[in-house]
Number of protein chains: 2
Amino acid sequence: MATRKLNDGEAASTPVKRQAKAGVKAAGSKTPGRAKPLTRIQKEKQDIILEAALEVFSLHGFRGATIDQIAAQAGMSKPNLLYYFPKKEEIHRRLISELLDTWLAPLREFDETGDPFTEIRSYIRRKLEMARDMPRESRLFANEMLQGAPHVSEMIEVDLKQLVDEKAKVLLTWMDQGKISRADPYHLIFSIWATTQHYADFDVQVRAVLGPGRNGDGRFEDAARYLEHLFMHGLTLRPKT
Amino acid sequence: MATRKLNDGEAASTPVKRQAKAGVKAAGSKTPGRAKPLTRIQKEKQDIILEAALEVFSLHGFRGATIDQIAAQAGMSKPNLLYYFPKKEEIHRRLISELLDTWLAPLREFDETGDPFTEIRSYIRRKLEMARDMPRESRLFANEMLQGAPHVSEMIEVDLKQLVDEKAKVLLTWMDQGKISRADPYHLIFSIWATTQHYADFDVQVRAVLGPGRNGDGRFEDAARYLEHLFMHGLTLRPKT
DNA sequence: AGAAATTTTGACCAGTTGGAAAAATGTTAG
DNA sequence: CTAACATTTTTCCAACTGGTCAAAATTTCT
């Protein structure tokens with residue numbers, strides 16, 4: 001909750017056809033002072049829309065998704081949806097910035113004072129659970145990264161970098177203390193991200209390769225076992241060969 | 001080169017407005033007998049188009065890419081491009097099916113008779129080189145997987161599965177022979193895919209986190225070093241703790 | 001209840017996009 | 001050279017898409 005949401009600053013260059021007169025001010029307002037209480041209905045509808053949008057965006061990407069699809073998924077008409085979010089981009093922006101918070105939460109919990117192996121193991125487990133339980137969010141994120149993160153560049157260059165720097169330092173400390181084997185902490189983190197998110201983003205491939213047998217979530221348990229094996233061994237100190 | 005290209009079987013349901021009278025038969029023809037020699041110019045132009053399409057598709061995804069963009073990138077007019085590939089989908093199909101061949105080549109070379117550590121190490125290295133040298137292909141592939149592999153489902157369920165099954169068996173043999181530590185071979189392969197492709201697909205994120213310092217390909221060398229460390233340790237036999 | 005505000009709808013529109021038709025321009029074999 | 005064929009360009013279009021608008025329906029407030 002500490003990180004900035006970075007969804008103020010409208011593109012100050014848009015032609016400004018006519019300021020939406022009635023519609024709900026969907027996202028960050030220019031005047032942070034009063035923010036219009038946001039009625040119960042508005043909050044509800046916005047949540048419904050965001051849920052629908054998550055479904056559609058994660059399935060087709062930003063450009064692949066149409067407002068019509070999202071509206072249909074949300075069970076409302078297109079103009080009605082536009083009433084709550086005047087711009088398609090706005091829905092996406094909201095989704096992404098809310099997502100980033102949840103997405104990085106596990107890394108934030110990473111505790112310097114804990115036992116390195118326990119900390120890393122539970123970080124891996126949590127990330128894998130997220131891949132299992134929030135595949136749409138994972139794919140939304142992956143889509144954004146694939147396109148070059150046009151909507152979150154600032155956030156990943158500042159907040160994300162800062163967070164990772166911090167946690168990398170923790171890992172380095174542990175290495176210095178001889179608690180875990182020495183290796184590039186950044187790439188360690190990358191490899192945890194990559195391996196865990198793989199099970200959400202490349203789900204079709206994983207299912208296809210494992211065949212019909214190992215499907216019903218059994219693959220996640222196997223993956224958990226395997227990744228634990230992989231990373232724990234990779235972290236264990238050993239006499240030089 | 002052994003795998004089937006699976007690009008015959010037009011969607012037999014399309015309305016068939018009027019069979020393209022002149023245009024080049026872009027992909028697999030219904031009658032595999034005579035395949036029209038394909039003049040030098042045709043081959044050249046098709047290659048130019050495919051190269052341009054790779055650029056655009058990998059950058060914007062299938063729906064995000066427009067024929068106009070591809071045509072512009074290829075330095076020709078839209079109708080001219082459509083002369084060579086009557087359907088946008090056709091370009092994409094060709095790209096994907098050609099890609100799959102290259103993409104799986106390193107895994108095919110995996111040699112049962114070689115030294116396990118050497119084989120796996122060089123597999124990782126090759127995959128990482130591909131992420132470095134063919135990021136567009138990697139992203140095209142990732143995009144396809146993210147969308148649920150609508151165009152290659154058959155191929156990944158048959159050819160890919162078969163190949164991985166085969167190589168998993170090799171890994172199992174090595175484990176049985178006590179040459180490498182015992183672990184799920186499928187997830188081992190997945191984790192190699194995930195970690196290596198991560199550097200192409202999530203390039204922005206990697207760059208952002210590493211900051212401006214470690215950019216000019218240095219990150220790939222670091223990654224190679226780290227991944228070798230990770231996987232080699234994960235494979236090394238050790239007395240039970 | 002009745003006025004005011006909010007929410008929803010139906011009709012509509014302008015720009016984009018995939019693609020078709022046909023004419024125009026090469027290119028090549030006889 | 002010229003007929004047949006291959007390639008390219010010009011013009012056009014129908015469907016889709018993001019978005020607008022005024023009016024209607026509904027909810028909220030007094």
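Atom set for the values below is all heavy atoms of this structure, side chains included, hydrogens, waters and symmetry mates excluded. A note on names: the letters A, B, ... follow the listed sequences, proteins ahead of strands, and every chain is numbered from 1.
- Residue A:Leu82 contributes atom CG, which lies 14 Å from atom C1' of C:dG10 at whole-angstrom precision.
- Between B:Arg63 and D:dT17, a side-chain N or O to OP1/OP2 separation shorter than 4.0 Å is present.
- Between B:Asn80 and D:dT7 there is no side-chain N or O to OP1 or OP2 distance below 4.0 Å.
- Here A:Ile67 lies in heavy-atom contact (under 4.0 Å) with sugar-phosphate atoms only.
- In this structure, B:Ala65 reaches the sugar-phosphate backbone alone: every heavy-atom distance under 4.0 Å involves primed, P, OP1 or OP2 atoms, never a base.
- Atoms CG (B:Asp68) and P (D:dT9) sit 14 Å apart, rounded to a whole Å.
- Look at CG on B:Leu81: it is 15 Å from P on C:dT17, rounded to the nearest Å.
- Below 30°, between 30° and 60°, or above 60°: for B:His198 and B:Phe202 the angle between ring planes is below 30°, a parallel geometry.
- Following rounding to the nearest Å, A:Lys45 (NZ) and D:dT27 (P) show an atom-to-atom distance of 10 Å.
- Under 4.0 Å is where a charged nitrogen must lie from a carboxylate oxygen, and between A:Arg94 and A:Glu98 at least one such pair does.
- Atom CD1 in A:Ile48 sits roughly 14 Å away from atom C1' in C:dT8 (whole-Å rounding).
- If you take OH of A:Tyr84 and C1' of D:dG18, they are 19 Å apart, rounded to a whole angstrom.
- Between the NZ atom of A:Lys88 and the P atom of D:dC16 there is a distance of 16 Å, given to the nearest Å.
- Looking at heavy-atom distances under 4.0 Å, A:Lys78 makes contact with a base.
- Nucleic acid contact class of A:Thr66 (heavy atoms, under 4.0 Å, all strands): sugar-phosphate only.
- Between the CD atom of A:Gln46 and the C1' atom of C:dT6 there is a distance of 14 Å, rounded to whole Å.
- Applying the 4.0 Å criterion to OP1 and OP2 of C:dT7, one finds that A:Gln42 has a side-chain N or O inside that range.
- The existence of a salt bridge linking B:Glu51 and B:Arg136 is confirmed by a sub-4.0 Å separation between a basic side-chain nitrogen and an acidic carboxylate oxygen.
- A salt bridge does not link A:Glu129 to A:Arg126: none of the charged nitrogens lies less than 4.0 Å from a carboxylate oxygen.
- With B:Phe62 as the aromatic partner, B:Lys88 meets the cation-pi criteria of under 6.0 angstrom to the ring centre and within 45 degrees of the ring axis.
- Of the side-chain N and O atoms in A:Tyr83, none sit less than 4.0 angstrom from OP1 or OP2 of C:dT9.
- Look at B:Ser77 and you'll find a side-chain N or O under 4.0 angstrom from OP1 or OP2 of D:dT9.
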